[in-house]
Amino acid sequence: MSRTVPIIAPSILSADFARLGEEARAVQDAGADWLHVDVMDGHFVPNITIGPDVVKALRPHVTIPMDVHLMIAPADPYLDAFRAAGADMISIHPEAGPHLNRSLRHIRSIGAKAGVVFNPSTDPSVIQWMMDDVDHVLVMSINPGFGGQTFMPSQLAKIAAIREMIDATGRDISLEVDGGVNPETARLCVEAGATALVAGTAVFKGGPPQYAANIAALRGGA
Ligand code: DX5
Ligand code: ZN
């Protein structure tokens with residue numbers, strides 16, 4: 001079985017928030033493929049982070065895609081603002097609104113890749129009948145809200161199940177894992193079928209001199 005080299009998406013949640021532009025440039029220079037932006041509202045998850053203005057401020061600092069993970073409810077009223085701010089990919093949780101399909105179609109209609117995010121307890125069958133409207137799937141391997149948590153191995157079987165759903169479509173839908181990803185759990189995720197990995201703690205530990213080595217280690221190349 002050939003082993004895919006995963007896309008690495010550093011989560012800026014673990015960056016120095018007082019120097020976000022520099023941090024974004026540093027991870028891009030260190031080899032990051034996407035920049036993962038965690039948006040939290042203190043309602044859908046028990047933490048508050050950033051809004052569209054910060055995405056807009058970061059946009060000129062990087063050329064890699066901005067992978068915006070919305071942990072907000074409702075999400076629909078803010079989709080246009082995040083797209084206008086420069087989000088290339090926008091992912092929403094099914095629990096964030098009553099019409100997941102309508103929301104995904106709207107994300108595509110404004111020119112972004114449409115992503116669905118599953119909490120550890122969420123059954124991925126919710127997208128079974130609408131795979132044509134999905135560009136990206138994100139599996140949470142922690143309960144969302146905070147960086148630095150421990151990877152939940154229970155999610156590996158879900159990653160494998162979603163891999164089968166994606167393969168059945170014959171389309172190039174990305175499958176990303178978020179939470180507690182380090183070089184060891186990264187390997188398990190890729191073996192289960194993931195093509196992209198979010199990492200906060202594992203990328204930003206040690207500061208800028210370490211970013212390239214940290215990213216290489218997640219790819220399995222260190
Ligand atoms: C948590 C966020 C994650 C988080 C990952 O709700 O969605 O992106 O920053 O952080 P680590 O890699 O430290 O688990
Ligand atoms: Zn995230």
Side-chain angles (χ1 to χ4, degrees), residues 6-17 20 23-24 27 30 32-52 54-55 58 64-73 75 78 82 87-96 107 112-122 136-156 158-159 162 174-190 194-207 210-211 213-219:
I7 284 166
I8 303 298
S11 162
I12 59 162
L13 193 59
S14 296
D16 179 348
F17 270 36
L20 268 188
E23 290 277 68
V27 289
D33 301 291
W34 299 340
L35 191 68
H36 187 81
V37 180
D38 287 307
V39 177
M40 307 186 188
D41 65 355
H43 165 76
F44 186 74
V45 289
N47 194 6
I48 300 175
T49 55
I50 64 170
V54 176
V55 173
L58 278 173
I64 54 177
M66 291 181 80
D67 166 28
V68 174
H69 174 193
L70 296 183
M71 287 161 275
I72 63 175
Y78 305 99
F82 281 103
D88 300 283
M89 306 162 59
I90 300 177
S91 299
I92 55 175
H93 287 254
E95 298 87 353
I107 293 169
K113 299 266 190 207
V116 183
V117 196
F118 297 120
N119 281 332
S121 62
T122 304
H136 176 66
V137 178
L138 179 53
V139 174
M140 296 305 301
S141 41
I142 53 163
N143 284 300
F146 303 95
Q149 301 183 72
T150 302
F151 183 86
M152 298 170 68
S154 59
Q155 299 308 298
L156 291 168
K158 189 196 283 185
I159 296 164
I162 297 170
S174 43
L175 177 52
E176 187 175 39
V177 183
D178 185 3
V181 172
N182 58 37
E184 291 72 43
T185 56
R187 184 177 56 79
L188 300 175
C189 292
V190 171
T195 55
L197 303 169
V198 176
T201 307
V203 166
F204 286 93
K205 69 176 182 188
Q210 291 303 315
Y211 295 167
N214 290 345
I215 289 171
L218 290 167
R219 288 206 182 95

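Ligands are counted one by one from 1 in listed order, and the atoms in each one are counted from 1 as well. Source: prediction; values computed, not measured.
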Original post:
When rounded to the nearest 0.5 angstrom, what distance separates CD1 in Ile159 from CD in Glu176?
Top reply: 11.0 Å

Original post:
For Phe44, does the CZ atom have more than 12 heavy-atom neighbours from other residues, nucleotides or ligands under 6.0 Å away?
Top reply: yes

**OP:** Would you please classify the geometry between the His36 ring and the His69 ring as parallel, tilted or perpendicular, with 30° and 60° separating the classes?
**Re:** tilted

Original post:
Hey, does the side chain of Gln155 reach the backbone of Pro120 with a donor-acceptor pair shorter than 3.5 angstrom?
Top reply: yes

**OP:** For the Zn ion (ligand 2), state how many protein N, O or S atoms fall inside a distance shorter than 2.8 Å.
**Re:** 4

Subject >> Nearest-0.5 Å distance that lies between atom CG in Leu218 and atom CG in Asn182 >> reply: 7.5 Å

Original post:
Gln149 side chain to Asn143 main-chain N or O, any donor-acceptor pair under 3.5 Å?
Top reply: yes

Original post:
What do the steps show when you test Ser141 against Thr185 for side-chain contact (heavy atoms from CB on, under 4.5 Å), and what is the final call?
Top reply: CA-CA 10 Å; Ser141 41; Thr185 56; over 6 Å; no

Original post:
Once you round to the nearest 0.5 Å, how far does CG of Leu58 lie from CG of Leu20?
Top reply: 5.5 Å

Original post:
Any donor-acceptor pair under 3.5 Å linking the side chain of Asp178 with the backbone of Met140?
Top reply: no

Original post:
Measuring from each atom of ligand 1, which residues have a heavy atom under 4.0 Å away?
Top reply: Ser11, Leu13, His36, Asp38, Met40, His69, Met71, Met140, Ile142, Pro144, Gly145, Phe146, Gly147, Gly148, Asp178, Gly179, Gly180, Val198, Ala199, Gly200, Thr201

